Amino acid sequence: MIHGKDRLFRLRCEIQALGDDDDAVGNHSTSGCNPPIVEDDDDDLDFENWDGDDDTGGRESSSDDSGYEEFLREMSDKDEKINSLRDMGFSEDEANMAITICGVDADLSVLVDSISASQVTEVCHSRNLSDHQVTARCFDSFGGRKRARLIEESKKKRKRYGGGAQGKRPSSDGSDEESMPLPKPMVGFNLPGYRGPSMTRVLPELATGPPYFYYENVARAPKGVWAKITRFLFDIQPEFVDSLHLCAAARKRGYIHNLPTENRSPLLPLPPKTIFEAFPHYKKWWPSWDQRTHLNCLQTCMAPATVTERIQQKLSSSGNPPPQSVQKYVRHECSKWNLVWVGKDKAAPLEPHEMEYLLGFPKDHTRGVGKTQRYKSLGNSFQVDTVAYHLSVLRGMFPNGVRVLSLFTGIGGGEVALHKLGIHMRVVVSVEIGEANRQILRSWWDQTQTGTLIEIADVKSLKDDEIATYVRRFGGFDLVIGGSPCNNLAGSNRHHRDGLEGEHSSLFYDYFRILNSVKSAMANM
DNA sequence: CTCAGGATGAACCAGCCG
DNA sequence: CGGCTGGTTCATCCTGAG
């Protein structure tokens, strides 16, 4: 209990940064560290098209055309605040993050305090202090001088390390708290058919439901990212799983959830585990010197024709077997682009329907949108069997179905997983920015589901009051599920691998914000 | 204007070897 | 321990066609 309070206070330090010295600017509840974390900003409801309609099988969508002007106003407001913060010596990343956390409406001084508090926390963590010490530090830091000193230290430290947003830290000291080694083999707490030790865990009190929650992102994020995500998500140990242990394609992902880990059961039939089991017909043309048994991670872009042409040209102009140098080149290209052998000397990228199959989606799930869009949507999706294995424990717990808040829904990997598990979805409130993805989910929903689907376009627009309204209307949520954008974390990103504070990946903080808002609203029921 | 396709490394880790 | 090599990675930018 004590620990819970400490923890809450620490999070308050890190997220909301309500300092004593700023009470002149209208801080809301400064009463200390009592739960819930989330607080109500204002009374005016800022969502539209609320008709209270609750037809079974019906759909609602929050249209945003009438909010366009407001959107523009918000954008210019945001730009103005970013400029002000930059003038004060903060980086654009820091400004963006503060606005993400506190909201665009937040007063400038609140934003400044938010940045300061996160810097304090950084110092605390970089000094490898215990939770208790961190809490004490944060407590102290709001006094004034000490905070200024810590912030100064933090700034100097950052300057010394290059100040990049990529989390570049010297890894020389072995006591680095930020490092989070990936397990080998990457099988999570347990996997079907895996004869290793099964992991049991004890969740921190604050982490337990309701609601249950399930968060996903790429395992190989830049240094320090998973440590930070873990810190926000109640210090729950992530479950790192490479889906190649379950299907024919690799997918190294980290999952943080508060679900039970005992008595899981896989989807049946088990998916094909090797390339040849999945696509027997490719055996015919597969050269013996290409010894891949699994495909690499299915990504959002496919190989251009020039790659496959070069491969064909090199192979046809050399003997059989080709010289080692050619083999090496071709193997490398095939691994990099996930090519399969579809003819003599002919390697080709996967078709969208093959990706659907490997990822555990029904055939033609993404059909109807452009091919490029299908690749993109599939590359950004869950591996259904992996997620379903984790979610399978819900089947026995919710015989009457579940109420789901689905953030960053994409093409509905979580929903498909629940459906394939035979878990009825009474309600899904889905937040997804991509029009094509919403269309894909809607089409699947109409064909397979009888529950209520509510569609929202932008996580940023989902505020406390609207969440509270949904919680009241449906009596709460049983599951909050979602994987926040990995764009700025993924290794494939050549341009903006900016870490958790990147333009898209910082939406993680909205996942965190919304999850806490749901917890808070449900606690007040 | 939209759209599809082609070109575009770097970060991180693990293993090896001197 | 440090340098080297190899493997892997839910992507973005630009251009030209329509």
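Quick note on labels: first sequence line is chain A, next is B, and so on, each numbered from 1. If you're wondering where the values come from, they're calculated on a predicted model, not measured in any experiment.
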Lys NZ or Arg CZ of K228(A) over F512(A) ring: under 6.0 Å, within 45°: no
Residues in contact with DNA chain C, drawn from residues 352-380 of chain A - heavy-atom cutoff 4.0 Å: G379(A), N380(A)
Donor-acceptor pair (no angle test) under 3.5 Å: R494(A) side chain, dC13(C) base: no
Rounded distance (Å) that lies between atom P of dT8(C) and atom CZ of R292(A): 10 Å
Sugar-phosphate, base or nothing in reach of S243(A), heavy atoms under 4.0 Å: nothing
Step-by-step salt bridge (charged side-chain N to carboxylate O under 4.0 Å, His left out) determination, D290(A) to R292(A): CA-CA 6 Å; D290(A) 180 357; R292(A) 288 175 297 160; 2.8 Å; yes
Euclidean distance, atom CG of residue L182(A) to atom C1' of dC12(B) [Å, nearest integer]: 10 Å
Separation between the P atoms of dG6(B) and dT9(C), rounded to whole Å: 23 Å
Of N493(A) and A305(A), the one whose closest DNA chain B nucleotide lies more 5': A305(A)
Phosphate OP1/OP2 of dC10(C): any S492(A) side-chain N/O under 4.0 Å: no
Distance below 4.0 Å between N296(A) side-chain N/O and dT9(C) OP1 or OP2: yes
H495(A), nearest nucleotide to its side chain (from dT8(C), dC10(C), dT12(C)): dT12(C)
Residue-phosphate contact under 4.0 Å: N487(A) side-chain N/O, dT12(C) OP1/OP2: yes
Rounded distance (Å) that lies between atom C1' of dA11(B) and atom NE2 of H496(A): 16 Å
Below 4.0 Å: OP1/OP2 of dT8(C) and any side-chain N or O of R220(A): no
Between dT8(B) (P) and Q299(A) (CD): distance, integer Å: 18 Å
Nearest-neighbour nucleotide for the P304(A) side chain, dA7(B), dT9(C), dC10(C) considered: dA7(B)
Closest to side chain of T306(A), choosing from dG6(C), dA14(B), dG6(B): dG6(B)
Test salt bridge (charged side-chain N to carboxylate O under 4.0 Å, His left out) applied to R367(A) and E356(A), step by step: CA-CA 10 Å; R367(A) 201 159 175 176; E356(A) 286 170 351; over 6 Å; no
Closest-nucleotide 5' rank along DNA chain C - winner of N488(A) and G491(A): G491(A)
Test item: side-chain donor near acceptor, E333(A) and Y329(A), under 3.5 Å: no
F240(A) six-ring centre to K252(A) NZ/CZ under 6.0 Å and within 45° of normal: no
Extract all donor-acceptor atom pairs below 3.5 Å that involve side chains of residues 214-222 of chain A and protein atoms in other chains or at least two apart in sequence.
| residue | atom | partner | partner atom | Å |
| --- | --- | --- | --- | --- |
| Y214(A) | OH | H390(A) | ND1 | 2.7 |
| Y215(A) | OH | N217(A) | ND2 | 3.0 |
| Y215(A) | OH | S484(A) | OG | 2.5 |
| N217(A) | ND2 | S484(A) | O | 3.2 |
| N217(A) | ND2 | S484(A) | OG | 3.4 |

Between dT8(C) (P) and M186(A) (CE): distance, integer Å: 13 Å
Phosphate contact (dT8(C) OP1 or OP2) by S335(A) side-chain N/O below 4.0 Å: yes
Whole angstrom value for the distance that separates P of dA4(B) from CE of M302(A): 14 Å
Y511(A) OH to I256(A) CD1 distance, which is reported to the nearest 0.5 Å: 9.0 Å
Sugar-phosphate, base or nothing in reach of C486(A), heavy atoms under 4.0 Å: base
Length of the CZ-C1' vector between F240(A) and dT8(C), whole Å: 16 Å
Value in whole Å for how far the C1' atom of dT8(C) lies from CZ of R331(A): 16 Å
Parallel, tilted or perpendicular, as decided by the 30° and 60° cut-offs, for the rings of Y282(A) and F279(A): tilted
Close side-chain approach of V428(A) and E415(A), heavy atoms under 4.5 Å: yes
Nearest-nucleotide 5' precedence on DNA chain C, C301(A) against K252(A): K252(A)
Base paired to dC13(B) (Watson-Crick or G-U; both N/O distances under 3.5 angstrom): dG6(C)
